[in-house]
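Just the heavy atoms: all of them, side chains too, but no hydrogens, waters or symmetry mates, feed the values below. Lettering follows sequence order; numbering is per chain, from 1. Bear in mind that the values here come from a model prediction, so they are computed numbers and not experimental data.
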Amino acid sequence: MPKLTNQEIAGIFARVADMLEIKGESIHRVLAYRRASETIAELPRDLSAVCEENKLTDLPHIGQTLAEKIEELLTTGELTFYKRLAAEVPPGVVDMLAISGMGPKRAALFWKELGLTGVGELEKAAQEGRLRTLPGMGAKSEAKILEGIQALARRTDRLPLDRALPAAMQILERLMMLPETLQGDVAGSLRRRRDTIGDIDILVTSQMPAPIMEAFNNLPEVARLLVSGDTKSSVELHTGQQVDLRILPPERYGTLLSYFTGSKEHNVRLRELALKKGLSLSENAFTVVETAEEILCATEEAVYNRLGLPWIPPELRENRGEIEAAQEGSLPDLIEMGDIRGDLQMHTTWSDGKASVIDMAQAALTLGREYILITDHSYGLGIVQGLKPDDIARQRAEIDGANEKLHGQIIILQGIEVEIKADGSLDFDDDILAQFDIVLASMHTGLQQPREQVTARLIQAIRHPRVSIIGHPRGRLIPDREPAALDMDVVLSEAAHHDVAMEINANPRRLDLNDHYARRAVELGVKLAISTDAHSPEQLSMMHYGVSTARRGWIEAKHVINTWPRDKLLTWAKEREI
DNA sequence: GCCGTTTTCGGCCCGACTGTTTTCAGTCG
């Protein structure tokens, strides 16, 4: 029997939390399960490995009770406690929680008073006007729930960064043009640069919020108004995306920005710190608990300083140790765009790229790169026209010519994205690979292989003496394709041992490694490369997505090989060949 | 159910908005 994955166990705990909440259990017990679920979902290692080491209770929000439940799940694949709850609370009632406007209280009410046990039955009851007969319910609430059910049917999943960011910036820019607007930012998970975005949060300061609210609610992108008050408005765009706007006067901007940048877990920690200093923290201000006197913060620095902390970069605000690091003065010196000297994966017309070598080089030059590595596909990847062995010398000649034309303003290196075949062997022989300056190896097919097989396959590539970098190691695509079932701790340990760099692919549909595994990689001593994998000159500017992902993984410039000068990079690639 | 510079018990974040209320409960972020 295959062991349950972290995601499956996290899902079970999240569902337990929902069921307990519907039952009316203590909210703190509910939150305990929910927090444990988040811990497990975010864990960059296999829970079974942690379990074998007997270290489950070392994990945040996992105590003795939950550790035993995890052990039961890992050994038997089932959880008695879960089965007992599921027999009590019908699964369809839990599903009702996904409906906007529905919470545990209402789900329990409809279930117990009307006997409704699923979203379908709920919809029918709402259409028949039966919900409004219940205490605390009315025609409007009923209509809202009906609307929520319809919204659920057309719900859009979380947006990839490259769709959310331009959409948010366009709205922000319109609001910034209004004379009443003083400052503005995109906040929320977008400011933290998570790999996918749920709702878009936009913050603005003004002394006259009403005209800004009005303009926002009437933007052409807006399909319907969800909520509108004095300081807050929520709308749904035609794309189905929800956008929230908050407006406060500028003297309160620090607390507002900090609050709505989140994450929720980071905010909880900040509030706890505030309470220890006798302060209550909200989006509006600090409030002295004893006197009710307000302390306003116009900047985020002021908020953090009031708590005795240095400012914490938004990408770190996930409650993954950043508060403790800030207290100790040991926050990482995060990598920045300015640290990036080169780009180590891109494609040209020699394979499936849209532009020539020199066009890519010139575009990279305008972005300030000092060197680039051209990494066309090897021909074995059937779906694209790849580089054949007898193309290599001709491509080298073209690269030499382009280097000459560019007079050393930027240096073009010849690399290859060699295919890791299903059996773990490479598409090119050693003597062919020896012709390239740096070899990048990637998997594009057979990503659904069983865990043991795909892990062994990637390890075989890592052990290959000519391979310096592994491209997009897990092979995920946002939002369509799940990553390969790799045992990443084994893979990363092997990469550390053989000094092979792992890529953070900066394409916003990949971001692979992601933040968790990038951090784990560096913990294990693995070097990283951040590359755009550009297939056109425009895509070379996607580098910032990769840098943001690295920052979320606590990565510093010293961990990333394309922050090095070219000579150091080439020496490393040469020396690590056996 | 977790957690601890309030440490083995007693806490556990806070405010806006909406609808159904006449002072508040539920949901959301």
With Pro91(A) via side chain to side chain contact (heavy atoms under 4.5 Å, CB included) - residues at least two apart: Arg15(A)
Expected output is a numbered-order residue list: members of residues 19-43 of chain A with a heavy atom under 4.0 Å from any atom of DNA chain B. What is it? His28(A), Arg29(A), Ala32(A), Tyr33(A)
Starting at CG of Leu56(A) and ending at P of dC3(B), how long is that distance when rounded to a whole Å? 12 Å
Please list, in numerical order, the residues of residues 231-243 of chain A that have a heavy atom closer than 4.0 Å to any atom of DNA chain B. Thr231(A), Lys232(A)
5' precedence on DNA chain B between Phe260(A) and Leu226(A) (nearest-nucleotide basis): Leu226(A)
Would you kindly give the CD-to-P distance between Glu283(A) and dC28(B), to the nearest whole Å? 17 Å
Quick one: list whatever passes side chain to side chain contact (heavy atoms under 4.5 Å, CB included) with Tyr259(A), sequence neighbours left out. Asn267(A), Arg271(A), Glu283(A)
Please work out whether the ring planes of Tyr33(A) and Phe81(A) are parallel, tilted or perpendicular, with thresholds of 30° and 60°. parallel
Calculate the interatomic distance between Asp230(A) atom CG and dG15(B) atom C1'; express it in whole Å. 14 Å
Apply salt bridge (Lys or Arg N to Asp or Glu O under 4.0 Å) to Arg34(A) and list each qualifying residue two or more places apart in sequence or on a separate chain. Asp18(A), Glu21(A)
Salt bridge (charged side-chain N to carboxylate O under 4.0 Å, His left out) between Glu301(A) and Arg306(A), worked out: CA-CA 8 Å; Glu301(A) 284 79 359; Arg306(A) 174 66 63 172; over 6 Å; no
Where do Arg509(A) and Asp162(A) land on the salt bridge (charged side-chain N to carboxylate O under 4.0 Å, His left out) test, with the steps shown first? CA-CA 8 Å; Arg509(A) 302 304 171 106; Asp162(A) 61 321; 3.1 Å; yes
Where along residues 101-131 of chain A does a heavy atom come under 4.0 Å from DNA chain B, residue by residue in number order? Gly101(A), Met102(A), Gly103(A), Pro104(A), Lys105(A), Arg106(A)
When rounded to the nearest Å, what value does the distance between P atoms of dT22(B) and dA16(B) take? 23 Å
Counting heavy atoms from C-beta on, name the nucleotide in dG15(B), dT18(B), dG1(B) closest to the side chain of Lys144(A). dT18(B)
Using the C1' atoms only, state how far dT6(B) lies from dG11(B), rounded to an integer number of Å. 9 Å
How far, in whole Å, is dG15(B) from dT8(B) if one measures between their P atoms? 29 Å
Is there a donor and acceptor pair, one atom on the side chain of Tyr259(A) and one on the base of dG29(B), closer than 3.5 Å? yes
Any salt bridge (Lys or Arg N to Asp or Glu O under 4.0 Å) involving residues 219-238 of chain A? Give me the pairs, sequence neighbours left out, ordered by first then second residue. Glu147(A)-Arg224(A), Arg154(A)-Glu236(A), Arg174(A)-Glu221(A), Arg224(A)-Glu236(A)
P spacing across the pair dC17(B) / dG10(B), given as an integer number of angstrom: 38 Å
Does Ser258(A) have any side chain to side chain contact (heavy atoms under 4.5 Å, CB included) partners at least two apart in sequence or in another chain, and if so, which? Leu270(A), Glu300(A), Val303(A)
For Asn284(A) and dA16(B), is the shortest distance between a side-chain N/O and OP1 or OP2 below 4.0 Å? yes
Can a side chain N or O of Ser141(A) be found less than 4.0 Å away from OP1 or OP2 on dT18(B)? no
Pairing residues for Arg163(A) by the side-chain hydrogen bond (donor to acceptor under 3.5 Å, both in side chains) criterion, not counting sequence neighbours: none
Looking at dT8(B), which nucleotide sits across from it as a Watson-Crick or G-U wobble partner, both distances under 3.5 angstrom, or is there none? none
Using atom types as modelled and distance alone, determine if a side-chain donor or acceptor of Arg106(A) lies under 3.5 Å from a backbone N or O of Gly101(A). yes
How far, in whole Å, is dT23(B) from dC28(B) if one measures between their P atoms? 26 Å
Within residues 79-100 of chain A: residues closer than 4.0 Å to DNA chain B (heavy atoms): Ile99(A), Ser100(A)
Quick check for you: to the nearest 0.5 Å, what is the distance between Thr57(A) atom OG1 and Leu66(A) atom CG? 11.0 Å
Given the P atoms of dT21(B) and dC14(B), what is the spacing between them in whole Å? 30 Å
Can you sort out the partners of Tyr545(A) under ring-ring contact (aromatic ring centres under 6.0 Å, His included), two or more places apart, ordered by chain and number? none
May I ask you to decide if Arg317(A)'s main-chain N or O and Ser263(A)'s side chain share a donor-acceptor pair within less than 3.5 Å? yes
Same-atom distance (C1') from dG19(B) to dC12(B), integer angstrom: 29 Å
Could you give the distance from CD1 (Ile212(A)) to OG (Ser206(A)), rounded to the nearest 0.5 Å? 3.5 Å
Closer to the 5' end of DNA chain B via nearest nucleotide, is it Met137(A) or Ala67(A)? Ala67(A)
What residues, two or more places apart in sequence or in another chain, satisfy side chain to side chain contact (heavy atoms under 4.5 Å, CB included) together with Met169(A)? Leu165(A), Leu172(A), Glu173(A), Val186(A)
How long is the line joining CG of Asn267(A) and C1' of dG29(B), in whole Å? 10 Å
